[in-house]
Peer 1: 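Input: one structure, supplied below.
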Protein chains: 2
Amino acid sequence: MARLGKAGDLMAQSNPPFMSGVPELLLLRLLNDQEMYGYELVRSIKQATDEAITLGEGVIYPVLHGLERNGSLKAKRKAVGGRTRVYYSLTRKGRDRLEKLRSDWHRIQSGITSALGAPANA
Amino acid sequence: MARLGKAGDLMAQSNPPFMSGVPELLLLRLLNDQEMYGYELVRSIKQATDEAITLGEGVIYPVLHGLERNGSLKAKRKAVGGRTRVYYSLTRKGRDRLEKLRSDWHRIQSGITSALGAPANA
DNA sequence: TGATATACCTTTTAGTTCGAGGTATGATGG
DNA sequence: CCATCATACCTCGAACTAAAAGGTATATCA
């Protein structure tokens with residue numbers, strides 16, 4: 001049963017770090033509401049997370065490209081003014097991926113909350 | 001103003017990844033209740049997080065050593081049966097570090113929760 | 001005697017994120 | 001008119017973390 005890593009590529013050996021996939025999750029979540037372009041996403045993520053998380057372009061663009069390559073996103077080029085923007089939107093596969101990442105996140109988030117709670121020596 | 005990385009070492013350049021420090025947080029949280037040894041912590045973390053997070057010895061021991069080196073933990077060797085266990089407990093500095101990591105975690109956790117919530121296009 | 005569990009530890013490998021750099025256009029202002 | 005800044009794309013190298021496997025040694029149990 002093929003595993004996934006590196007934003008969706010097939011991989012052979014090692015599991016990804018237990019808490020990666022958050023950048024991907026945030027991207028997919030925002031793109032699920034409306035199509036957006038990379039440069040815009042950089043600011044949107046900062047804003048949507050109340051400044052808690054800032055992801056630079058060096059993170060955003062590679063993830064975007066990976067997700068497009070594996071069919072989770074589709075890209076549409078638009079000329080605006082003299083510049084070109086690349087708008088991304090979710091495919092069906094992208095929506096599935098979003099749900100999976102969301103549930104992964106809930107699981108680890110709950111686990112940590114649980115560990116941070118009351119002493120174990122009950 | 002010196003920054004910290006790699007579980008407390010002084011460092012010169014790059015910020016740590018935005019969501020690292022969780023292993024360290026979990027360790028410190030458990031050790032705040034009672035002293036424990038490395039091998040025990042591996043199982044305790046799995047259990048305390050409801051199987052959501054499993055950290056191997058290759059993660060635990062280096063973090064432990066780093067925290068001891070920088071004065072967040074103190075170690076005490078105990079012979080039990082024919083084996084030697086190294087028990088760790090928090091110092092004052094370790095408790096401070098725990099509070100800092102806890103608040104960092106809350107911040108990013110809240111940020112993500114916020115981003116995953118209602119659409120931004122209000 | 002051999003396998004399994006405990007208990008310590010390190011090294012290698014893989015993967016992610018950070019930061020800085022590189023190109024190009026449009027707007028702003030001295 | 002020229003410089004600078006903001007937009008908009010992109011990539012690469014360095015730094016750091018976590019995963020996995022390997023290494024040593026003792027105790028227990030079949």
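Side-chain atoms are counted along with the backbone in the values below, which use heavy atoms only and exclude waters and symmetry mates. Here is how names work: the chains are called A, B, and so on, in the same order as the sequence lines, proteins then strands, and each is numbered from 1. Treat the numbers as computed from the prediction; the structure is a model and nothing was measured.
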Peer 1: Looking at B:Y37, I'd like to know whether one of its side-chain N or O atoms comes within less than 4.0 Å of OP1 or OP2 on C:dA7.
Peer 2: yes
Peer 1: OP1 or OP2 of C:dT10 versus the side-chain N and O atoms of B:H65: is any pair under 4.0 Å?
Peer 2: yes
Peer 1: Can you tell me if A:T113 uses its side chain to pair, donor with acceptor, with the backbone of A:Q109 under 3.5 Å?
Peer 2: yes
Peer 1: Separation of B:M19 atom CE from D:dA18 atom P, in whole Å?
Peer 2: 10 Å
Peer 1: Taking atom P of D:dC9 as reference, at what distance in whole Å does atom CE of A:M36 sit?
Peer 2: 12 Å
Peer 1: What residues form a side-chain contact (heavy atoms from CB on, under 4.5 Å) with B:N32, not counting sequence neighbours?
Peer 2: B:L90, B:R95, B:L98
Peer 1: To the nearest Å, give me how far apart CD (A:E57) and P (D:dA6) are.
Peer 2: 13 Å
Peer 1: Starting from C1' on C:dT25, measure out to CZ on A:R85 and report it in whole angstrom.
Peer 2: 12 Å
Peer 1: Does atom CD of B:Q47 have more than 12 heavy-atom neighbours, drawn from other residues, nucleotides or ligands, at distances under 6.0 Å?
Peer 2: no
Peer 1: How many angstroms lie between atom CD1 of B:I108 and atom NE2 of B:H106, to the nearest 0.5 angstrom?
Peer 2: 11.0 Å
Peer 1: When the nearest nucleotide of DNA chain C is assigned to A:G56 and to A:R83 on a heavy-atom basis, which residue is associated with the more 5' position?
Peer 2: A:G56
Peer 1: Find which nucleotide of DNA chain D each of A:Y87 and B:L55 is nearest to by heavy atoms, and output the residue with the more 5' nucleotide.
Peer 2: A:Y87
Peer 1: So does A:Y39 get a side-chain nitrogen or oxygen closer than 4.0 Å to the phosphate oxygens (OP1/OP2) of D:dC9?
Peer 2: no
Peer 1: Can you name the nearest heavy-atom pair linking B:L116 to A:R29, along with the distance?
Peer 2: O-NE, 3.1 Å
Peer 1: Can you measure B:L64 atom CG to D:dT17 atom C1' for me and round it to whole angstrom units?
Peer 2: 16 Å
Peer 1: Expressed in angstrom and rounded to an integer, what is the separation of B:E24 atom CD from D:dA18 atom P?
Peer 2: 9 Å
Peer 1: Heavy-atom nearest nucleotide on DNA chain C for A:P17 versus A:G82: which residue maps closer to 5'?
Peer 2: A:P17
Peer 1: Among C:dC18, C:dC8, D:dA8, which nucleotide sits nearest the side chain of A:R43?
Peer 2: D:dA8
Peer 1: Whole angstrom is fine here: how far is it from CG in A:L25 over to C1' in C:dT16?
Peer 2: 16 Å
Peer 1: Counting the atoms with a prime plus P, OP1 and OP2 as sugar-phosphate, which does B:G58 contact under 4.0 Å by heavy atoms, base, sugar-phosphate, or nothing?
Peer 2: base
Peer 1: Could you tell me whether the phosphate oxygens of C:dC8, OP1 or OP2, come under 4.0 Å of any side-chain nitrogen or oxygen in B:Y61?
Peer 2: yes
Peer 1: Please classify the nucleic acid contact of B:R77 as base, sugar-phosphate, or nothing, using heavy-atom distances under 4.0 Å.
Peer 2: nothing
Peer 1: Which nucleotide wins on minimum distance to the side chain of B:N15, given the candidates C:dT10, C:dC18, C:dT16?
Peer 2: C:dC18
Peer 1: Over all strands shown, is A:E40 touching base, sugar-phosphate only, or nothing at heavy-atom distances under 4.0 angstrom?
Peer 2: nothing
Peer 1: Figure out the CG/P separation between A:L27 and C:dT16, and round it to whole Å.
Peer 2: 14 Å
Peer 1: Once you apply a heavy-atom cut-off of 4.0 Å, does A:V80 come out as touching a base, just sugar-phosphate, or nothing?
Peer 2: nothing
Peer 1: Answer yes or no: is there a side-chain heavy-atom contact under 4.5 Å between A:L28 and A:L73?
Peer 2: yes
